[in-house]
Amino acid sequence: MQQFDVIVVGGGHAGVEAAAVAARMGARIALVSFDPAMIGAMSCNPAIGGLGKGHLVREVDAFDGIMARAADAGAIHYRMLNRSKGSAVQGPRIQADRRRFRAAVQAAIAAQDGLTVIGGEVVALQMEGGRAAGVELANGTCLGASAVVLCTGTFLGGRLYRGEERMEGGRIGEAAAHRLAQQLRDAALPMARLKTGTPPRLDGRTIDWGRLPEQPSDPEPWTMSPLGKGRVLPQVFCGIARTNQRTHEIIRGGLDRSPLFTGAIEAQGPRYCPSIEDKIHRFGDRDGHQIFLEPEGLDDHTVYPNGVSTSLPTDVQIAMMRSVEGLEQVEVTVPGYAVEYDHIDPRALRSSLEVKAIPGLFFAGQLNGTTGYEEAAAQGLVAGLHAAGQVLGREIPLLDRANSYMAVMIDDLTLHGVSEPYRMLTARAEYRLRLRANNAGSRLTPLALAAGCVGPERREWFARREAERARIDEALTQTATPNELTQAGMAVRADGARRSLGEWLRFPEVTLAGLSPWLGEGAIDPLLAEEMEEDAAYAPYLARQEAELRDLRASELVALGDDFPFADVPGLSREMVERLAQARPETLAAAGRVPGITPAALASLLVHARRRAA
Amino acid sequence: MTIDTIFALSSGQLPAAIGVMRISGPQAGLALERLAGRLPSPRRAGVAALRHPDHGEVLDRTLVLWLPGPHNATGEDCAELHLHGGRAVAAAVEEALLALGLRRAEPGEFTRRAFANGRIDLAEAEGLADLLEAETELQRRSAQAMAGGALSRAVESWLQTLLGLSARLEASLDFADEGDVDDGEATLPVGFGEACTRLVDDLGEWLSRPRAEPLREGYRVVLAGPPNAGKSTLFNALVESEAAIISAEPGTTRDVLVQGVALAGVPFSFVDTAGLREEGVGAVEAIGIARARAEAERADLVLWLGPEGEGPQGPHVWEIAAQCDREDQAAKIAPMFRVSARTGEGLGTLREALVERARSAMPAPGQAALNRRQHDLLDQAQAALRSACLERDPLLAAECLRLARQAFDALTGRADTEAMLDALFGRFCIGK
């Protein structure tokens, strides 16, 4: 039997990052996929990033992950969302040429030492003394490992719906993993069903582009990864179409044939990515909804109409699309569909994404009730870090709500569970002023270095950048008067006060570029300059959060343990005991984030925790 | 990161004989030095006059203890002030500590710190858990009892407004690229400032209401005047007991004496003070006199029995012609009340006036009142909302609203981000 340190099951965005990070740490990895040619496939929209999601991509990148650089390699359209707002809520988003993105992912996997790709269907987990010990493939082969990471996406018990049609599978044209799903159900893990959907695909040659407003790619040369190579592919534009009253009538006319409304699909779909039939049903007063027409590739005519996810019958889908201005002649190449799939209640997981009940088994991605490539990739990264850390006996630095969106997501999942597919939003991060997409490297690369998962190229880049930051920080300790600044071209209010340049940077009139006479020779990296200017601008707000963070971090250090007897703690109401027992928070801080837990109850928990520890 | 220095009144409900103010944290020594003028020897009781750090006014003359860490209750530097147990004294000292940058301890925070520093053993832990249990139970009961949930309803409605405001902001931040939401303009939603201001005003209306403490602790009436002005006699007549020592020798009442009574169902705390006399007094009596002054300055109402016009001034002072039956007293020309505790003359009128005055300063029956914790939290929420009104960057306005939500959360239990998202998704058609 072939033996590995970690086996990763599934070659989607979670599986790829899990396998790659574990291999970067020096573990021997097997990445098992139904079809190795599909590794890195974008199964839904051809975009990476967006609001909240772009933050996750940059964070995965800060750990030297694959997604951001693959996105740059495949990008045919760049758009910085919220550009006019503060950078904490700016969302870098690209559209990728599907084929080229996938090729870039596969190239990165192929180039990674210690990573073996194995084609085959995993039909069962192998257990040894209550621990995950390997997997069995459909052809009878067994692979052994000290840890297994499952990243099976929507393939567990996947079932597709389109009008009256029903198909088994996780993606159109691909089989579902039913035996494995059954085994997990048999292991008494809390499983539930969720639903998601995808729009019909259109033939771009049948769209009347001339009648639709265009959305061009950003002219600014930003990239998803600071190590990205710039704009390597020709850039395309997207079109913006809009549904109208006639579209809505067609949809209403087909509702009785939509599995969402006939009761065939019972699982909950996402509120922020509703099907077009849901939008019409819930917001009947709107006279139209936007559709973004996104090209799927440079040498592929397929267009992804973002905004019209649907499971209506094919004939209704065609009629609906052709009622839209500019799409009168459009050909639907693949009709949209809804997919219902198994997911685990993520409260059954630790913050490392290890299944509490089965040591050595980790879950990442859509399987945990999330949606989106970026959410999947971030979970894959965390699961891979911890799986390899466990096998190699290496401590993994603490991610928390104040240092990463990844931790916000995993904390939300493991404490609150999910009632709909979970998507990252900046509103979910209390400390988003410090969690900016453009400072992900500063926040997390030091942690990645400590975990030992950073390659030489990024290590050197980071060292150079930190040296530059230190040089500027030093220069910013010099002082200047308003007069001197005004002479340098920055018209600050003449209050006569001499301040350090670091303090001056807080004023909107003052920029690092303007301070160049004090900063010595050498142009400053514009990304670093932007980050340092924002740090200065947000400083008063960040200082106000310090007390909050201090409490958070102190109580993160109080471990409660898996078998904490919440019912025995005096002073807790029955409702609190129930909620705590379900969420099983790992630390006192996590307990404080369980809804309905009061400060007095936390004090009681603390007393009890100390008593048990003694 | 630095650790806050915290303080709390650690003895029971005031008024009481003494009130022990505990201070814990790295600034404890500095705070004690600023208040007492010097740092006493460690672990030895000392007497000191506590002065306000800003204006030097004497707050109290008390026993102070300096207990440097780590071998003490919390394991941090600690100080204790054994204050005279009047509510006003404790409030003044708390105000001074706040002015020094210290903050009030959260429930259970001393215990938390004691544990964090390994200062409490198992047996103590057990007992403290029981105490905390009682605390939660009490909080629950008092919250329920509060005017049939009027505050909860008000908070609920503010919270809904606040969640709606947050939802509009967050929609413009998180879904700027979607058709249904205002597009990427860096401006606040229309009417945002006005809605914030309205909420600030609504909170202000509650914040300006009478607080719950007088209801619980009694409306504080201080009898003041020079020795032998008849304070103790009137005090006894008002409280209808022999609580104070009455003697013809000036200066018998050397300390303040506090008695709680209910007049016509309204709770009062009557305070009998030592006669205000400057010369020829013993040290103990001098302390009593200083405290009498402090009491008079911080009372809800002062009954001045001394020479006309020589007492403290202000709307909270009533000129009283006491001992109006005595011929040998110089008659006041325009007293508000003439009374004789001996004959009972005028006492009824004075009592009625006191009841009426106290009622107006207390929450009306059925009107919910805020206690200090609630008042502080609403105050925080209001301050955060006020900054939100001034912010022009939606991101920073959202941060202010988050702080306001946090204050409400502390008031009602957590209504996390999920509640805001519910509001958001209910209003906007979001999603491509």
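Keep in mind that the numbers below use all heavy atoms, side chains included, and drop hydrogens, waters and symmetry copies.
- Interatomic distance, A:Met409 CE to A:Arg401 CZ, rounded to the nearest 0.5 Å: 11.5 Å.
- Counting only heavy atoms from C-beta outward, the side chains of B:Pro394 and B:Leu173 approach each other to under 4.5 Å.
- Partners of A:His281 according to the ring pair (Phe, Tyr, Trp, His ring centres under 6.0 Å) rule, which considers only residues two or more places apart in sequence or in another chain, are A:Phe261.
- With a 4.5 angstrom heavy-atom cutoff, A:Tyr431 touches chain B only via side-chain atoms.
- Only the side chain of A:Gln545 comes within contact range of chain B, with at least one heavy atom under 4.5 Å from a heavy atom of that chain.
- When heavy atoms are compared at a cutoff of 4.5 Å, B:Leu169 does not approach chain A at all.
- A distance of 8.0 Å separates NZ in A:Lys279 from OG1 in A:Thr243, rounded to the nearest 0.5 Å.
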